[in-house]
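Data block below; observations after.
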Amino acid sequence: MSRFPEARLRRLRQSAPVRELVRETSLEARQLVLPMFVREGLTEPAAIGSMPGVVQHTIDSLKAAAADAAALGLGGVMLFGVPARRDATGSGADDPKGILNVATEALAAEVGDALVVQTDLCLDEFTDHGHCGVLSERSDSKGGVLSASGTVVDNDATLERYTAMALAQARAGSQLLGLSGMMDGQVAAVRQALDEEGFTDVLLLAYSAKYASAFYGPFREAVDSQLQGDRRTYQMDPGNRREGVREALFDQDEGADIVMVKPAMGFLDVLREVRDAVDVPVWAYQVSGEYAMIEAAAANGWIDRRAAILESLTSIRRAGADVVLTYWAAEAAHWLRTR
């Protein structure tokens, strides 16, 4: 191996054009997906206090923001619905007139030919208890798992709700369903239901390694979460790395087109190992707490906001993510276009 002074590694860093030429990890608008919130009953967009710059949309403002995203060359938008009414089984989730399905239909018509319209497939926004599944007092003989409050999140009963939700979203025009509930068997159940109804081209994104993280706090404000207790009996323990890889392999075998690691920045090691283990695309979600921390530090003048945002996104790509869900997607795409 050659050594200094014959080898001078700084040659590869000597100017901006050289650094650009030899950069190992790219960041492009097409690799970014914008999560968006649409709330039933709003007459104008509503700011989310813990996520500066992010809003709950009306249908009209949602369409306008999605059109901007398409013009910027983003890869897609991921929709989350915030209903006016909730109940124990999340009945609004598969109601064709429910806010998420109405918004999906509107966006599919508006931008469906320009980017991938994606929808969150989970019950937590629609239930009055805030859990991602159906609660039951039964034992766990049918896949139920005790929550911190002593109730049971019934895995298999929840799968029935997920399949109904999947069909509703597919009928509304969603091109990709984000299975974020962390129920065992959810990918296989949804894939079978879609195929039986002729929706063989609808993509499935499995939130495979979704951790029970402290960094979801601002998101819960964004969706007006009604969560009682916590989700540690179905979301993953942050201390587990191998389990994340195992979850991703299970989902790939069940028919997931894409697998996800969430959150991103605290789990870059898991992201790298999942990327090395599976053959399907791997995505990562830069979650609300990650967004809020950088925004807060920048607002206090402690960091360079633009540089920190782009560095954070690059780090997620470098760790192995083919695509990043980020609330900065539109802004970052604009910077990438103009740099």
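- To the nearest 0.5 Å, atom CD of residue E110 and atom CG of residue L115 are 10.5 Å apart.
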* To do: Verify side-chain contact (heavy atoms from CB on, under 4.5 Å) between R231 and H131, making sure each step is shown before the conclusion.
  => CA-CA 7 Å; R231 300 186 176 122; H131 278 285; 4.2 Å; yes
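- Atom CG in D154 sits 8.5 Å away from atom CD in E160 (nearest 0.5 Å).
- We find the CG-CG distance between L336 and L310 to be 6.0 Å, quoted to the nearest 0.5 Å.
- In the hydrophobic cluster analysis, where Ile, Leu, Val, Met, Phe, Trp and Tyr join through side-chain heavy atoms closer than 4.5 angstrom, V116 is grouped together with M36.
- Salt-bridge annotation for E243 and R246: absent, with no side-chain N of the basic residue lying under 4.0 Å from a carboxylate O of the acidic one.
- I303 and W328 fall within the same hydrophobic cluster, defined by Ile, Leu, Val, Met, Phe, Trp and Tyr side-chain heavy atoms under 4.5 Å apart, directly or through other members.
- Residue N240 holds its CG atom at 10.0 Å from CZ of F267, rounded to the nearest 0.5 Å.
- In this structure, the separation between CD on Q31 and CG on D322 is 8.5 Å, given to the nearest 0.5 Å.
- Here S15 contributes atom OG and E20 contributes atom CD; the two are 10.5 Å apart, rounded to the nearest 0.5 Å.
- Note on ring orientation: taking the six-membered ring where Trp is involved, the planes of Y327 and F37 are parallel (angle under 30°, cut-offs 30° and 60°).
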* Checking side-chain contact (heavy atoms from CB on, under 4.5 Å) for the pair L62/L79: CA distance, chi angles, key distance, verdict? -> CA-CA 9 Å; L62 184 78; L79 302 185; 4.1 Å; yes
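- L42 is not connected to V82 by any chain of hydrophobic side-chain contacts under 4.5 Å among Ile, Leu, Val, Met, Phe, Trp and Tyr, and they are in different clusters.
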* Asked: Given the rule in the side-chain contact (heavy atoms from CB on, under 4.5 Å) test, do R39 and I99 qualify, once you have shown the distances and angles that lead to the verdict?
  -> CA-CA 7 Å; R39 181 160 191 159; I99 183 60; over 6 Å; no
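- Within the 4.5 Å cutoff, no side-chain heavy atoms of P96 are placed close to those of N101.
- Taking the side chain as every heavy atom from C-beta outward, P35 and Y285 approach each other to under 4.5 Å.
- L27 is not listed as a side-chain neighbour of T25, based on a closest heavy-atom distance of 4.5 Å or more.
- Electrostatic pairing of D257 and R191 counts as a salt bridge here, judged by a charged N lying under 4.0 Å from a carboxylate O.
- Between the side chains of E290 and S312, not a single donor N or O lies within less than 3.5 Å of an accepting N or O.
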* Asked: Would F215 and M293 count as a side-chain contact (heavy atoms from CB on, under 4.5 Å) if you check the C-alpha gap in whole Å, the side-chain angles of each, and the deciding distance to 0.1 Å?
  -> CA-CA 9 Å; F215 290 97; M293 286 193 303; 3.5 Å; yes
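- Formation of a donor-acceptor pair under 3.5 Å by the E254 side chain with backbone atoms of A188 is found in this model.
- Under the 4.5 Å side-chain contact rule for hydrophobic residues, L176 and F80 share a cluster.
- In this structure, the side chains of L167 and L194 come closer than 4.5 Å at one or more pairs of heavy atoms.
- In this structure, L227 is not a member of the same hydrophobic cluster as V152, with clusters built from ILVMFWY side-chain heavy atoms closer than 4.5 Å.
- Using a 3.5 Å distance cut-off with no hydrogens or angles, the side chains of T326 and Q286 do pair a donor with an acceptor.
- S61 has its side chain out of reach of E44: every pair of non-hydrogen atoms, C-beta onward, lies at least 4.5 Å apart.
- Shown here is E24, whose CD atom has no more than 12 heavy atoms of other residues, nucleotides or ligands within 6.0 Å.
- We find that R86 and D224 are joined by a salt bridge, their nearest charged nitrogen and carboxylate oxygen being less than 4.0 Å apart.
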